[in-house]
Amino acid sequence: MATLQPKRMKYRKTFKGKRGGVATRSNTLSFGNFGIKAMEAGFISARQLEAARRAIAHFTQRGGRIWIRAFPDKPVTKHPAESRMGSGKGDVEGYVAVVKPGQLIFEMGAVAKETAEEALRLASHKLPVDTRFVER
């Protein structure tokens, strides 16, 4: 299983950054007819995205099409357990996608509305942000 992460990065570690405001990009359905949209800002880890994707694929029995609109390109660092304070920034633990209110996380197509709604509902339980079902 290849986890979602960047192939190359200009810098290995990044600042946390501010995540205010609403999504101006990736906020309308572009590929499928149904999707889930974030209602609050937050970080979604690559593992959480993969778990949600698997939930969708499992429910639809790999029917229909799935598009992942959020990509985890921000490295998150962490110090090892029981290490003393200081001594610089920790090692990269994983990657997260920065999500703002209004941004689409998943899109689906080639399935019935009821199927898509239930599949995306199951996926939304795997995500740390509030989401809403949207359709074209």
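Heavy atoms only: backbone and side chains are in, while hydrogens, waters and symmetry mates are out.
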Which pairs with one or both residues in [range] pass salt bridge (charged side-chain N to carboxylate O under 4.0 Å, His left out), sequence neighbours excluded?
range: residues 20-31; result: none
range: residues 63-78; result: Arg69-Glu107, Lys78-Glu93
range: residues 114-127; result: Glu118-Arg121

List the residues meeting side chain to side chain contact (heavy atoms under 4.5 Å, CB included) with [X], not counting sequence neighbours, and say none if there are none.
X: Ala119; result: Ile56, Phe59, Thr60, Met108
X: Lys100; result: Ala23
X: Ser83; result: His79, Pro80
X: Asp91; result: none

Original post:
If you measure from the Lys or Arg side-chain nitrogens to the Asp or Glu carboxylate oxygens, is any gap between Arg47 and Glu50 under 4.0 Å?
Top reply: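 Salt bridge between Arg47 and Glu50, a charged N being under 4.0 Å from a carboxylate O: no.
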Which atoms form the tightest heavy-atom contact between [X] and [Y], and what is the distance?
X: Ala57; Y: Ile66; result: N-CD1, 4.1 Å
X: Ala70; Y: Ala97; result: CB-CB, 4.1 Å
X: Leu49; Y: Phe106; result: O-CZ, 3.6 Å
X: Gly42; Y: Val129; result: CA-CG1, 4.0 Å
X: Gly64; Y: Val111; result: CA-CG1, 3.6 Å

Subject >> Contact list for residues 32-44, test side chain to side chain donor-acceptor pair (under 3.5 Å), sequence neighbours left out >> reply: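 As it turns out, the side chain to side chain donor-acceptor pair (under 3.5 Å) pairs with a partner in residues 32-44, which skip direct neighbours, are Asn33-Arg136.
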Original post:
Does Phe71 have any ring-ring contact (aromatic ring centres under 6.0 Å, His included) partners at least two apart in sequence or in another chain, and if so, which?
Top reply: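 ring-ring contact (aromatic ring centres under 6.0 Å, His included) check on Phe71 returns nothing, list empty.
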Original post:
Other hydrophobic cluster members with Met9, side-chain heavy atoms of Ile/Leu/Val/Met/Phe/Trp/Tyr under 4.5 Å, chained?
Top reply: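 Under the 4.5 Å side-chain rule, Met9 groups with Val92, Tyr95.
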Original post:
Which hydrophobic side chains are connected to Val98, either touching it within the sub-4.5 Å cutoff or through other members that do?
Top reply: Phe43, Val76, Val96
Original post:
Would a 4.5 Å heavy-atom cut-off, applied to side chains only, mark Leu29 and Phe34 as touching?
Top reply: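 Counting from C-beta outward, Leu29 and Phe34 never come under 4.5 Å.
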Subject >> Side-chain heavy atoms of Pro72 within contact of Gln5, under 4.5 Å >> reply: no
**OP:** With sequence neighbours excluded, tell me which residues meet side-chain hydrogen bond (donor to acceptor under 3.5 Å, both in side chains) with Gln103.
**Re:** none
Subject >> Check: Lys89 side chain, Lys13 main-chain N or O, donor-acceptor pair, under 3.5 Å >> reply: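 Side chain of Lys89 to backbone of Lys13, a donor-acceptor pair under 3.5 Å: no, none is there.
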**OP:** Only one of Val134, Asn27, Ile36 passes side-chain contact (heavy atoms from CB on, under 4.5 Å) with Leu104; say which it is.
**Re:**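 Going through Val134, Asn27, Ile36 one by one, the side-chain contact (heavy atoms from CB on, under 4.5 Å) with Leu104 is satisfied by Val134 alone.
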**OP:** State the CZ-OG distance between Phe133 and Ser124, to the nearest 0.5 angstrom.
**Re:**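 Answer for the CZ-OG pair, Phe133 versus Ser124, is 11.0 Å.
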